[in-house]
Amino acid sequence: MKPKTSQAMLSLIGQIRSHIPFDEMNEARVCGGLCMGCPKKLLEYLEQEVEWWEGSVNAGDEPSLGDVEKLARSSKKIYKVLQKNQVL
């Protein structure tokens with residue numbers, strides 16, 4: 001049986017948090033090396049999205065499958081940019 005979209009979203013959020021340590025990212029580390037795209041702004045955007053979805057799901061809102069896919073796609077792209085900038 002496939003999980004509900006709210007369970008899928010929470011699982012995705014858990015994966016994002018485990019691969020991108022938002023709490024350990026300080027400005028010196030993020031803005032210290034290469035800068036292709038702005039890692040600081042991308043991290044802020046992704047953290048804001050993750051927190052918003054986490055709050056929405058915990059409040060009882062049901063995300064669509066498209067919402068889960070959109071967050072997954074943007075987090076993958078941001079992760080690749082962070083790797084290119086040697087932040088991760």
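Note that this is a predicted model, so its numbers are computed, not measured.
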query: If you group Ile, Leu, Val, Met, Phe, Trp and Tyr by side-chain heavy-atom gaps below 4.5 Å, do Trp52 and Leu42 land in one group?
result: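 In one cluster: yes.
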task: Please answer: with hydrophobic residues joined when any side-chain heavy atoms are less than 4.5 Å apart, are Val81 and Tyr45 in the same cluster?
output: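 Result: yes, single cluster for both.
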Exercise: identify the closest heavy-atom pair between [X] and [Y]:
X: His19; Y: Tyr79; result: O-CE1, 3.9 Å
X: Asp61; Y: Pro63; result: O-CD, 3.5 Å
X: Pro39; Y: Leu82; result: CB-CD2, 3.7 Å

- prompt: Are side-chain heavy atoms of Leu10 and Asn58 found at a separation under 4.5 Å?
  reply: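 Yes - at least one pair of side-chain heavy atoms lies under 4.5 Å apart.
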Can you name the residues that form a side chain to side chain contact (heavy atoms under 4.5 Å, CB included) with [X], not counting sequence neighbours?
X: Leu46; result: Ile16, Ile20, Phe22, Val50, Leu71, Ser75, Ile78
X: Lys4; result: Ser6, Gln7, Glu62
X: Glu51; result: Arg17, Glu47

